[in-house]
Amino acid sequence: MSRSTVAQILRATDAPGVVEVNGWVRTKRDSKAFSFVEINDGSCLANLQIIADADIEGYAEAVPTLRTGASIKVTGEIVPSQGKQQWEMQAQTVQLLGDSEEDYPLQKKGHSPEFLRSIAHLRPRTNLFGAVFRMRSRMAYAVHQFFQERGFVYVHTPIITASDCEGAGEMFRVTTLDGETLEKQPDEDFFGKPTYLTVSGQLEGETYACALSNIYTFGPTFRAENSNTTRHAAEFWMIEPEIAFCDLQEDMALAEAMIQYLVADALEHCAEDLKFLNKFVDKGLLERLEFVKSRDFERITYTDAVELLKNSGHQFEYPVEYGLNLQSEHERYLTEEHFKCPVTVYNYPQEIKPFYMRKNDDGKTVAAMDLLVPGIGEIVGGSQREERLDILRANLGEHELSEEDYYWYVDLRRYGSVSHAGFGLGFERLLMFVTGVSNIRDVIPFPRTPGSADF
RNA sequence: UCCUCAGUAGCUCAGCGGUAGAGCGGGUGGCUGUUAACCACUAGGUCGUUGGUUCGAACCCAACCUGAGGAGCCA
């Protein structure tokens, strides 16, 4: 007899016969002579309903005291259900694998996401988190598929780094020294110099793009910002492609194509989970995803966006002025009110952007872009990189950065420099967009946020 | 970091100055096909912490802790 997953059984077109299945009890309903037991093994959203007659092997030991959360092994024949599901199991034997104590916190009823965060080790057993994390896995696979199909090379940039990708945020210090030694003898540290957890693999990624042409990274990223919002985490996963012989227009096109590819992949491969999320989490989800999949994204320059906002007649809390950063409310207006679709804003004033972004011919702006989506805001940030040696050196000076620290980055411009561009896509923000889940802490298994690193 | 709101049973919440409540979950019993099953009975609480006001505080005041939402920073 073969061991089956719930997904294999429920997706069968022909009756699978007698099988063994293992899982965790979601709910049980007793009658006098038999019990209904529903089990879930995470292989899909739906449960398998098991009919356990009171006289089968193992019933007396296992079933009467069976509680939600317990793990069981059941064998039996898969038969058409008399109820609303297609298949159910007529059990022949049942065995308790692991009892669940009576204070098991997950109930059949809905729980708040805040409560479920406090039991992050058990929340994957819920429908919501099962759906989210199956989709997380599928989206990670689709990211690789998207780039591999296009001939991109996957590069593992370092987690521990001595270089700061300016503009990316505060860094976590990595050290083996105690506080006092760290202050007095920093050169005695493990690496002989101050080191940090990476805030971006971009600078290292550029070096590989300037050799392998098209590369991407996909790995954990760390920001020590004291950010307390629904879309920031101290540890998150980021995808950073870097493309040689590429300008900003191509860069934007790649970012847009990637979002559409991932949305289409989710619609095709996560239909059951999406249907659930559409029903219980975000009623407009499926409609929005279908829309994003098929419709071209909008593009607007920063300068035009500022004009548009100024002339919108809309009262904003914060001022709209050339040279100021666009606030959340401005970005929301663009993507949610005005265009009502994803929008890429590009060509930002150089004063508000980091040293490595390429100066445009107007002398005022740099070739930067942010891709904004409704409900979340910025999901992608990218730019064409400054490939001209003299201008890059001048930029370093203007930002009071030392060329010594960045010598290897500058070298790329000394030996066969080429135009190149790239972007960073926040994997969790993509997941929020694709699942409709509104808090980043609910799309990463064990979220790390200021003051919180449990589990 | 700033602003706002909230902490009462395992969970969701009611009570808002006068003896601590409900539904669900748990336990016990019943029920021949259920689907968040149903019916009956039952156990379960330092009302976030500390201090204050009051004859009396879950309730009013202060500080702190924890959580959430918004802002900034960004992915």
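Chain letters run A, B, ... following the sequence lines, proteins first, then strands; residues in each count from 1. The shown structure was predicted, so the numbers you read here are calculated from the model rather than taken from an experiment.
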**Asked** Do the two ring centres, one from A:F355 and one from A:Y406, sit under 6.0 Å apart?
**Response** yes
**Message:** Taking the ring of A:Y196 and the ring of A:F172, is the distance between their centroids below 6.0 Å?
**Reply:** no
**Asked** What residue pairs, at least two apart or across chains, pass ring-ring contact (aromatic ring centres under 6.0 Å, His included) with a residue in residues 320-344 of chain A?
**Response** A:Y302-A:Y322, A:H314-A:Y333, A:F316-A:H330, A:F316-A:Y333
Choosing from [options], which nucleotide comes nearest the side chain of [X]?
X	options	result
A:E88	B:U32, B:G33, B:A71	B:G33
A:S31	B:U34, B:A68, B:G33	B:G33
A:Q85	B:U34, B:U12, B:G72	B:U34

Quiz item: [X] side-chain donor-acceptor pair to [N] base, under 3.5 Å:
X	N	value
A:H232	B:C74	yes
A:R429	B:C74	yes
A:D30	B:U34	no

**Asked** Is any side-chain nitrogen or oxygen of A:T230 closer than 4.0 Å to OP1 or OP2 of B:G70?
**Response** yes
**Prompt:** Residues from residues 125-144 of chain A sitting under 4.0 Å of RNA chain B, heavy atoms only?
**Reply:** none
**Asked** Is there a side-chain contact (heavy atoms from CB on, under 4.5 Å) between A:L324 and A:Y318 once you walk through the steps?
**Response** CA-CA 10 Å; A:L324 298 179; A:Y318 292 90; over 6 Å; no
**Prompt:** Using the rule for Phe, Tyr, His and the six-membered ring of Trp, do A:Y104 and B:G10 stack at under 5.5 Å and under 30°?
**Reply:** no
